[in-house]
Amino acid sequence: MRATIAAILMALAIGDSCLADQLAQFTVVGNVIPGSLTGTPGDAARGRSIVVNRAVGLCLLCHSGPFPEERFQGNLAPDLKGTGARWSVEQLRMRMVDSRKLNPDTIMPAYYALDGLSRVAPAYAGKPLLTAEQIEDVVAFLATLRD
């Protein structure tokens with residue numbers, strides 16, 4: 001029995017370290033992540049499609065924004081209009097990666113984190129909600145929202 005428990009714990013430890021290896025390395029400086037997660041800028045057009053896609057980003061579940069074609073936009077979180085004027089690319093990246101680092105009481109999901117999460121759907125267990133490339137695409141799009 002002890003051997004079985006030890007084997008399970010070892011498998012979990014190995015699994016956790018493998019999962020951590022999935023995430024791109026990044027550095028948090030104050031309230032920003034200064035460098036791109038991918039080493040290149042994102043694509044704003046792809047980012048917009050993620051933001052409005054209710055099966056991928058789910059942003060419009062809580063946020064509203066300059067998307068007149070989208071019905072039933074949220075009102076739980078700030079309007080995305082003017083996001084690029086309010087925050088820098090580096091600040092937007094931090095908010096997308098893990099807004100809990102800025103506000104532990106936030107209801108915004110940590111889109112690029114694996115630790116400290118609760119009530120994770122089985123389909124998302126052990127993987128981030130968005131890839132590093134998708135994060136950069138969303139950040140590139142949000143940065144264009146200047147009005």
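This one's a predicted model, so the numbers in the text were calculated from it and none came from an experiment. Just so it is clear, the values below take in all heavy atoms, side chains as well, and ignore hydrogens, waters and symmetry mates.
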Would you name the heavy atoms of [X] and [Y] that are closest together and state the gap between them?
X: Leu114; Y: Gly126; result: CD2-C, 3.6 Å
X: Leu129; Y: Pro109; result: CD1-CB, 3.6 Å
X: Ala132; Y: Ala24; result: CB-CB, 4.4 Å
X: Tyr111; Y: Met108; result: CE1-CE, 4.1 Å
X: Leu80; Y: Phe67; result: CD1-CE1, 4.2 Å

In the structure I gave you, are the side-chain heavy atoms of [X] and [Y] within less than 4.5 Å of one another anywhere?
X: Asn31; Y: Gln91; value: yes
X: Met96; Y: Leu130; value: yes
X: Ile33; Y: Thr27; value: no
X: Asp98; Y: Tyr112; value: no
X: Asn53; Y: Ile50; value: no
X: Glu136; Y: Thr40; value: no

For residues 56-65, run the donor-acceptor check on the side chains, cut-off 3.5 Å, and write out each pair with its distance to 0.1 Å, sequence neighbours left out.
{"from": "His63", "atom 1": "ND1", "to": "Pro78", "atom 2": "O", "distance (Å)": "2.6"}
{"from": "Ser64", "atom 1": "OG", "to": "Asp79", "atom 2": "OD2", "distance (Å)": "3.4"}

Practice problem: Would you mind listing every salt bridge (charged side-chain N to carboxylate O under 4.0 Å, His left out) that reaches into residues 52-67, with sequence neighbours excluded? | Solution: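 For residues 52-67, and leaving out neighbouring residues, the salt bridge (charged side-chain N to carboxylate O under 4.0 Å, His left out) pairs sorted by first residue read Arg54-Glu70.
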Quiz item: Does Asn103 CG have over 12 foreign heavy atoms under 6.0 Å away?
Solution: yes
Practice problem: To the nearest 0.5 Å, tell me how far Arg93 CZ sits from Leu142 CG. | Solution: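 The CZ atom of Arg93 sits 11.5 Å away from the CG atom of Leu142.
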Quiz item: How many angstroms lie between CZ in Arg100 and CZ in Arg95, if you round to the nearest 0.5 Å?
Solution: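 Result: 15.0 Å between the selected atoms.
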Quiz item: Okay, side chain of Lys127, backbone of Ala123: is any donor-acceptor separation there less than 3.5 Å?
Solution: yes
Quiz item: How would you list all residue pairs meeting side chain to side chain donor-acceptor pair (under 3.5 Å) that involve residues 114-124, not counting sequence neighbours?
Solution: none
Quiz item: What residues form a salt bridge (Lys or Arg N to Asp or Glu O under 4.0 Å) with Arg46, not counting sequence neighbours?
Solution: Glu133, Asp137
Quiz prompt | By salt bridge (Lys or Arg N to Asp or Glu O under 4.0 Å) - contacts of Arg48 (at least two apart) | solution =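 In terms of salt bridge (Lys or Arg N to Asp or Glu O under 4.0 Å), with neighbours along the sequence ignored, Arg48 is linked to Glu69.
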Practice problem: State plainly whether one hydrophobic cluster holds both Leu37 and Val32, where clusters connect Ile, Leu, Val, Met, Phe, Trp and Tyr through side-chain heavy atoms under 4.5 angstrom apart. | Solution: no
Quiz item: What's the verdict on side chain to side chain contact (heavy atoms under 4.5 Å, CB included) for Leu117 and Val120, showing C-alpha distance, side-chain angles and the deciding distance?
Solution: CA-CA 7 Å; Leu117 304 176; Val120 176; 3.6 Å; yes
Practice problem: Go through the structure and list residues passing side-chain hydrogen bond (donor to acceptor under 3.5 Å, both in side chains) with Gln73, not counting sequence neighbours. | Solution: none
